[in-house]
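When reading the values below, keep in mind they use all heavy atoms of this one structure, side chains included, and skip hydrogens, waters and symmetry mates. Below, chains carry the letters A, B, ... as their sequence lines are ordered, and counting in each starts from 1.
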Amino acid sequence: MSNESTGLDAKGSARRKLIRGSFAVPAVLTLHNGGAIAATSINSSLKRQNNHPVTKYASSSDDVWFRYQLWGWVKNGAVKYDSGLWIKGADLAVYRVQGNSVWLSSNRVQRFNLQANSLDWEQKYAIPQGPDGAELKRVSHWVSLRVDRYGNLTGAGSTGTGSAVSDSCWNSFAAGMQL
Amino acid sequence: MRFVCSAGLRIEPLGDSWAAYCARSGESLQLNTEAAAVLEVLAEGPQAADEVHRTLALDSHTPLDIVTERMRDVWSELLANGLVVEVA
């Protein structure tokens, strides 16, 4: 991330202000609870997004869209695409808030087809074993998750009803619903 | 494990402290100078926690073990607030 994009001084203004010999515990305080406001406007924001649904392709890096980093088998630094890229239902359990549903159960996994930008139809209980010596790891492919107007996770890529949504939309919503 | 500032993060001086807007969470946050310094170091690119601790120790002329101790619970907080993300 560039300094220009964060607004941080390229010369390190915060670092220059550190008091010599006295490094305090870094503190992060919430100035303004976006979640509470999002909770009250969730219907309008998600409904509006679902009135004009969008589909996002997979990205090689995380961005401001609500995405999931896929799992894959990696050997000697190379992703073994023949063994598939996968979504674990257990990873999505955190989004099951206030009765909202997630299309993939916590004990299931589902393969994602990067070329088609869609989920394979079959859900499995475990990711099939990859090549000998390969390791199951998060890989550099992020897929967008789809959310319907009620906040249910319905799928990924182009699979599922609803729409791709931004991180701030979904995360504020989730935080607001847990208040 | 390496960390980097999350996409869409904005930080501006706010008096003696710092204001941050995190696009990932949609939250506005107030940071002290130490927290802003952590993000400033990470704005230069992905780094391991140990590397960040060493840089901050040098910048603040504070022994590394003290910086490491004071940073112990901070990484989880930065992650939870969406200010930083883990990268491979």
Participant: Which heavy-atom pair separates B:Thr33 from A:Ala14 by the least distance, and what is that distance?
Facilitator: CG2-O, 3.2 Å
Participant: Measure across A:Val28 and B:Glu77 and return the closest heavy-atom pair with its distance rounded to 0.1 Å.
Facilitator: O-OE2, 3.4 Å
Participant: Quick one: which of B:Val74, B:Asp73, B:Leu78 gives a side-chain contact (heavy atoms from CB on, under 4.5 Å) with A:Pro26?
Facilitator: B:Val74
Participant: Could you tell me whether the side chain of B:Asn32 and the main chain of A:Val25 form a donor-acceptor pair under 3.5 Å?
Facilitator: yes
Participant: Which atom pair, heavy atoms only, marks the closest approach of B:Ala7 to A:Val64?
Facilitator: O-CG1, 4.2 Å
Participant: Identify the heavy atoms of B:Thr62 and A:Ser22 that sit nearest to each other, and give their distance.
Facilitator: OG1-N, 3.5 Å
Participant: Measuring from A:Phe66:CZ to B:Arg24:CZ, what's the distance to the nearest 0.5 Å?
Facilitator: 9.5 Å
Participant: Taking atom CG as the centre, does B:Asp16 end up with more than 12 heavy-atom neighbours from other residues, nucleotides or ligands that are less than 6.0 angstrom away?
Facilitator: no
Participant: Do you reckon A:Val109 sits in the same ILVMFWY cluster as A:Tyr81, going by side-chain contacts under 4.5 Å, direct or chained?
Facilitator: yes
Participant: Using only atom types and a distance under 3.5 Å, with no angle test, would you say the side chain of A:Arg15 pairs donor to acceptor with the backbone of B:Glu40?
Facilitator: no
Participant: Using 0.5 Å steps for rounding, measure from the CD1 atom of A:Ile19 to the CD atom of B:Glu34.
Facilitator: 7.0 Å
Participant: Do other residues, nucleotides or ligands put more than 12 heavy atoms under 6.0 Å from the CG atom of A:Asn76?
Facilitator: no
Participant: Could you state whether A:Leu70 and A:Trp142 fall into the same hydrophobic cluster, counting links through intermediate Ile, Leu, Val, Met, Phe, Trp or Tyr residues with side-chain heavy atoms under 4.5 angstrom apart?
Facilitator: no
Participant: Would B:Val38 and B:Leu58 show up in the same hydrophobic cluster when neighbours are defined by side-chain heavy atoms closer than 4.5 Å?
Facilitator: no
Participant: Taking all non-hydrogen atoms of both residues, which atom of A:Ala27 and which atom of B:Ala35 are closest, and how far apart?
Facilitator: O-CB, 3.5 Å
Participant: Grouping I, L, V, M, F, W and Y whenever their side-chain heavy atoms are under 4.5 Å apart, do B:Phe3 and B:Leu64 come out in a common cluster?
Facilitator: no
Participant: Does B:Leu56 belong to the same Ile/Leu/Val/Met/Phe/Trp/Tyr cluster as B:Met1, with side-chain heavy atoms less than 4.5 Å apart forming each link?
Facilitator: yes
Participant: Among B:Arg72, B:Met71, B:His61, who wins on heavy-atom pairs under 4.5 Å with chain A?
Facilitator: B:His61
Participant: Could you look at A:Arg20 and say if it's the side chain, the backbone, both or neither that has a heavy atom under 4.5 Å from chain B?
Facilitator: both
